[in-house]
Amino acid sequence: MTATTYAVSGMSCGHCKATLTKALGELDGVSGVEVDLDAGHVTVTSAAGPDDALIAATVDEAGYELTGRV
C-alpha cells in the first residue's frame with residue numbers, strides 16, 4: 001500500500017471532508033482517504049502509486065484545488 005499526501009485548498013468544514021472522502025474513495029485502486037482540514041491535507045492510500053492527474057481532476061470536480069504533493 002502507498003500513502004500519498006496532497007495539499008488541497010478550499011476545505012473548511014465537515015461537508016468538505018465528506019465530499020472529498022467520497023469522491024476520492026470511489027476511484028479505482030483507492031483503499032483509503034484521510035482529510036486533515038486544519039493542515040489542508042488529503043492523504044490517499046492506494047495499492048499502487050497514485051495517478052496525480054486523476055486525483056487533481058477529482059479534487060477539482062469536487063470544487064477544491066489540489067496545489068501539490070506534501
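Two residues are said to be in side-chain contact when any heavy atoms from C-beta on lie closer than 4.5 Å; Leu27 and Thr58 meet this criterion. The shortest distance between side-chain heavy atoms of Leu24 and Glu26 does not fall below 4.5 Å. Considering only heavy atoms from C-beta on, Val42 stays 4.5 Å or farther from Val59 through its side chain. A 4.5 Å side-chain heavy-atom check between Ser9 and Tyr64 finds every atom pair outside the cut-off. Looking at Thr4 and Thr2, their side chains come closer than 4.5 Å, going by heavy atoms from C-beta outward.
For Thr43 (side chain) and Thr5 (main-chain N/O), no donor-acceptor pair under 3.5 Å exists by modelled atom type. For the pair Ser31 (side chain) and Thr45 (backbone), a donor-acceptor distance under 3.5 Å is present.
Expressed to the nearest 0.5 Å, how far CZ of Arg69 lies from CD1 of Ile55 amounts to 9.0 Å. Note that CG of Asp28 is 8.5 Å distant from CG of Leu54, once rounded to the nearest 0.5 Å. For the atom pair NE2 of His41 and CE of Met11, the computed distance is 8.0 Å after rounding to the nearest 0.5 Å. Atoms OH and CG, from Tyr6 and Leu20 in turn, are 13.0 Å apart once rounded to the nearest 0.5 Å.
In this structure, Cys16 and Ser12 approach most closely via the heavy-atom pair SG-N, 3.3 Å.
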